[in-house]
S.K.: 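One structure is given below, represented as structure tokens, and several questions about it will come after.
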Amino acid sequence: MRAIQVSRRGGPEVLEIAEMPDPRPGPHDLLVRTEAIGVNFIDTYFRTGVYPQPLPYVPGEEGSGVVEAVGADVRDFVPGDRVAWCGTTGNYAEKVVVPAAVAIAVPEGVPAPQAASTLGQGLTAHYLVYSTYPVQSGDTVLVHAGAGGVGLMLTQLATKIGARVITTVSSDTKEKLSREAGAVEVLRYDDDIAARVREFTDGEGVAAAYDGVGAATFDASLASVRIRGTVALFGAASGLVPPFDPQRLNPAGSLFLTRPTLAHYVRTREELAWRAGEVFGAVVDGTLNIRVSAQYPLESAADAHRDLEGRKTTGSIVLIP
Ligand code: NDP
């Protein structure tokens, strides 16, 4: 089978197509033929070495596809089932082994590219909005990178609960998409974000800032949150936030700062099934639109990374084997 292999750290050019033996499922695993592979910002952190990753490796944390074979102890899936999954490694490949414990049946009618994008980004949006800071109807919240994969989903979920969502984006096209997802106010990064947020909230500040941009926005996030509000720093698209003095949380309003990660919010099969059921349910009933803005052939993974890091993408992007 063909797969993308990374043998050295670096730019998108280190994503090279390679011929590899088909993977073999263990007793609790599924062998899946991938139909679409989600490309996430975290894939760039592993590629460059921001997050540690032994070499060589096959990138990719999520996908969707058709079950070809199941391990001897698998009871819930059979060959031919359509499944999606996230949080596993080695997914930029024509075939992958997926532990049955993390596989989710794809509802009828959800196309493979949408299915491949729903879990990683959708579950993240879900846990941020329902668990990290549980959004209440009437809250105002701030979401950075509002037209990105997580950003569009987070905006839709928070809006559905009844929150007013303020976002940041870098272009007019992204502003339009963010507004379509429900944002009531869309700012640019070079605006005085905290001042604009205070104006919009009668001086109060937002209940929570969801910040996946990191270095470039962190200070504005801290300055935008109301007394006893939450800053959920969930990513670093612009770079890691430098070392931070916790004393700053005091004058900023006795704030809560958290640096959450998806794995800690899907700790059991029950928790994963609950979140995935809600997210796929919203996709099926039309209240959550999964925007897949670009599909790249597997061998063009480098182009996908270039576009993602170059801020050229909106919503989700996938590789097609
Ligand atoms: P996005 O589709 O949101 O792409 C990243 C976006 O960040 C860009 O489109 C861009 O939007 C914005 N951005 C701002 N500054 C920069 C910069 N200097 N370089 C590149 N992009 C920049 O990606 P994802 O939806 O995949 O991920 C969003 C964030 O969520 C990432 O930080 C990711 O690591 C994080 N994440 C965290 C998880 C967790 O559990 N902690 C799980 C999943 C994702 P614009 O042009 O509008 O600024």
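Residue indices begin at 1 and follow the sequence shown. Each ligand, and each atom within it, is numbered from 1 in the order the structure gives.
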S.K.: Which of the atoms of ligand 1 are close to V169, meaning less than 4.0 Å from one of its heavy atoms?
M.R.: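 Here the atoms of ligand 1 in question are 47 (O).
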S.K.: With heavy-atom distances below 4.0 Å as the criterion, list the atoms of ligand 1 near A236.
M.R.: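 Answer for ligand 1: 32 (O).
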S.K.: Counting neighbours of CD on E13 that are heavy atoms of other residues, nucleotides or ligands and sit closer than 6.0 Å, is the number greater than 12?
M.R.: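 Above 12, so yes.
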S.K.: Verify side-chain hydrogen bond (donor to acceptor under 3.5 Å, both in side chains) between Q156 and N289, making sure each step is shown before the conclusion.
M.R.: CA-CA 8 Å; Q156 292 175 76; N289 174 36; 5.2 Å; no
S.K.: What protein heavy atom sits nearest atom 6 (C) of ligand 1, and how far away is it?
M.R.: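 Scanning the protein heavy atoms, the shortest distance from atom 6 (C) of ligand 1 goes to A145 CB, 3.9 Å.
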S.K.: Just to check, does G315 reach to within less than 4.0 Å of ligand 1 when the distance is taken from its heavy atoms?
M.R.: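 A heavy atom of G315 does come that close to ligand 1.
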S.K.: I need the minimum non-hydrogen distance between L177 and A147, along with the two atoms involved.
M.R.: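 In this case the closest contact between L177 and A147 is CB-CB, 4.5 Å.
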S.K.: Which protein non-hydrogen atom lies closest to atom 46 (O) of ligand 1, naming both residue and atom, and how far is it?
M.R.: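 It is S170 OG, 2.5 Å.
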S.K.: Among side-chain atoms of T44 and H305, is any donor-acceptor pair under 3.5 angstrom?
M.R.: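 Result is no, nothing qualifies.
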S.K.: State whether the shortest distance between N or O atoms of V39 and N or O atoms of ligand 1 falls below 3.5 angstrom.
M.R.: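 N/O-N/O distance under 3.5 Å: no.
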S.K.: Checking side-chain polar atoms at under 3.5 Å, does T132 have a donor or acceptor matched by the opposite partner on Y265?
M.R.: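 The criterion, which ignores hydrogens and geometry beyond distance, is satisfied for Y265 and T132.
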S.K.: Just which atoms of ligand 1 are under 4.0 Å from any heavy atom in E309?
M.R.: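 Once the distances to E309 are compared, the set is 19 (N), 20 (C).
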S.K.: For G149, is at least one N or O under 3.5 Å away from an N or O on ligand 1?
M.R.: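 Looking only at distances, the answer is yes, because the N/O contact criterion of under 3.5 Å is met.
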S.K.: Is it the side chain (CB and beyond), the backbone, both or neither of H144 that lies under 4.0 Å from ligand 1, heavy atoms counted?
M.R.: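 Neither part.
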S.K.: Counting from 1, what ligand 1 atoms have a heavy atom of Y127 closer than 4.0 Å?
M.R.: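 Every atom of ligand 1 under 4.0 Å from some heavy atom of Y127: 39 (C), 40 (O), 41 (N).
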S.K.: Which residue holds the protein heavy atom closest to atom 14 (C) of ligand 1, what is that atom called, and what is the gap in Å?
M.R.: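 Looking only at protein heavy atoms, the one closest to atom 14 (C) of ligand 1 is R311 NH2, 3.4 Å.
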S.K.: Tell me the protein heavy atom at minimum distance from atom 27 (O) of ligand 1, and give that distance in Å.
M.R.: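 The protein heavy atom lying closest is F41 CB, 3.8 Å.
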S.K.: So which heavy atom in the protein is nearest atom 9 (O) of ligand 1, and how far is it from that ligand atom?
M.R.: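 Checking every protein heavy atom, the shortest distance to atom 9 (O) of ligand 1 gives K174 NZ, 3.3 Å.
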S.K.: Taking CZ in R269 as the centre, count heavy atoms belonging to other residues, nucleotides or ligands within less than 6.0 Å. Is the count above 12?
M.R.: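 More than 12 heavy atoms, drawn from other residues, nucleotides or ligands, come within 6.0 Å of this atom.
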S.K.: Can you list the steps and then say if T167 with H144 is a side-chain hydrogen bond (donor to acceptor under 3.5 Å, both in side chains)?
M.R.: CA-CA 5 Å; T167 61; H144 293 296; over 6 Å; no
S.K.: If I apply the N/O under 3.5 Å rule, does Y189 come out as touching ligand 1?
M.R.: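 Yes: some nitrogen or oxygen of Y189 is under 3.5 Å from one in ligand 1.
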S.K.: Cationic tip of R311 within the cone over Y189's six-membered ring, i.e. under 6.0 Å and within 45° of the normal?
M.R.: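 Geometry flag: set, cation within 6.0 Å and 45°.
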S.K.: Indicate, as side chain, backbone, both or neither, the part of R259 found under 4.0 angstrom from ligand 1 when only non-hydrogen atoms are considered.
M.R.: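 Side chain only.
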S.K.: Which atoms of ligand 1 sit under 4.0 Å from any heavy atom of G148?
M.R.: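 The atoms of ligand 1 under 4.0 Å from a heavy atom of G148 are 1 (P), 2 (O), 3 (O).
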S.K.: Calculate, to the nearest 0.5 Å, the distance between atoms OH and CZ belonging to Y130 and R275 respectively.
M.R.: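 Going from the OH atom of Y130 to the CZ atom of R275 covers 10.5 Å.
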S.K.: Check A147 against ligand 1 and report side chain, backbone, both or neither, counting heavy atoms closer than 4.0 Å.
M.R.: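 The answer is neither.
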S.K.: Give me the nearest non-hydrogen protein atom to atom 28 (C) of ligand 1 as residue plus atom name, then the distance to 0.1 Å.
M.R.: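 Its nearest protein heavy-atom neighbour is V150 CG2, 4.2 Å.
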S.K.: Would you call Y265 a ligand 1 contact, heavy-atom distance under 4.0 Å?
M.R.: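 Checking ligand 1 against Y265, which is what was asked, there is no heavy-atom contact under 4.0 Å.
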S.K.: Can G151 be said to touch ligand 1, with heavy atoms closer than 4.0 Å?
M.R.: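 No heavy atom of G151 comes that close to ligand 1.
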S.K.: What atoms of ligand 1 come closer than 4.0 angstrom to any heavy atom of T124?
M.R.: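 Counting atoms of ligand 1 from 1, those under 4.0 Å from T124 are 38 (C), 42 (C), 43 (C).
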S.K.: Which of the atoms of ligand 1 are close to G235, meaning less than 4.0 Å from one of its heavy atoms?
M.R.: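 Numbered from 1, ligand 1 contributes 32 (O).
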S.K.: How far is atom 32 (O) of ligand 1 from its nearest protein heavy atom, and which residue and atom name does that atom have?
M.R.: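 Looking at atom 32 (O) of ligand 1, the protein heavy atom closest to it is G212 O, 2.7 Å.
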S.K.: In a check of salt bridge (Lys or Arg N to Asp or Glu O under 4.0 Å) between E68 and each of R82, R24, K95, which one passes?
M.R.: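 Among the candidates, only K95 passes.
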S.K.: Nearest 0.5 Å, please: how far is CG in L319 from OH in Y92?
M.R.: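 Y92 OH to L319 CG: 5.5 Å, rounded to 0.5 Å.
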S.K.: Find all atoms of ligand 1 within a distance of less than 4.0 Å from any non-hydrogen atom belonging to Y45, and give their numbers and elements.
M.R.: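 Contacts of ligand 1 toward Y45, numbered from 1: 31 (C), 32 (O), 33 (C), 34 (O).
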S.K.: When you compare ligand 1 with F234, is there at least one nitrogen or oxygen pair between them that comes in under 3.5 angstrom?
M.R.: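 Yes - when backbone and side-chain N and O of F234 are compared with those of ligand 1, one distance drops under 3.5 Å.
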S.K.: To check your reading of the model: name the closest protein heavy atom to atom 24 (P) of ligand 1, its residue, and the distance in Å.
M.R.: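 Ranked first by proximity to atom 24 (P) of ligand 1 is Q121 NE2, 3.9 Å.
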S.K.: How far apart are the C-alpha atoms of N40 and Q121, what are their side-chain angles, what is the distance that settles it, and do they pass the side-chain hydrogen bond (donor to acceptor under 3.5 Å, both in side chains) test?
M.R.: CA-CA 8 Å; N40 290 286; Q121 294 169 350; 3.0 Å; yes
S.K.: side-chain hydrogen bond (donor to acceptor under 3.5 Å, both in side chains), that's the test. Do E278 and W274 meet it? Break it down for me.
M.R.: CA-CA 6 Å; E278 293 214 340; W274 163 57; 3.2 Å; yes
S.K.: Among R291, K176, K174, find the one that has a side chain to side chain donor-acceptor pair (under 3.5 Å) with T314.
M.R.: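 For T314, the side chain to side chain donor-acceptor pair (under 3.5 Å) check succeeds only for R291.
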S.K.: Out of the candidates V165, V231, T140, only one should pair with V206 under the side-chain contact (heavy atoms from CB on, under 4.5 Å) rule; please name it.
M.R.: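 It is T140, the one option of V165, V231, T140 that forms the side-chain contact (heavy atoms from CB on, under 4.5 Å) with V206.
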S.K.: Check the pair S7, V14 against side chain to side chain contact (heavy atoms under 4.5 Å, CB included), reporting the backbone distance first and the verdict last.
M.R.: CA-CA 7 Å; S7 307; V14 304; over 6 Å; no
S.K.: With a 4.0 Å cut-off on heavy atoms, does P260 reach ligand 1?
M.R.: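 True for this residue.
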S.K.: Side chain, backbone, both or neither: which part of L262 has a heavy atom under 4.0 Å from ligand 1?
M.R.: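 For L262, the contact with ligand 1 is made by both the backbone and the side chain.
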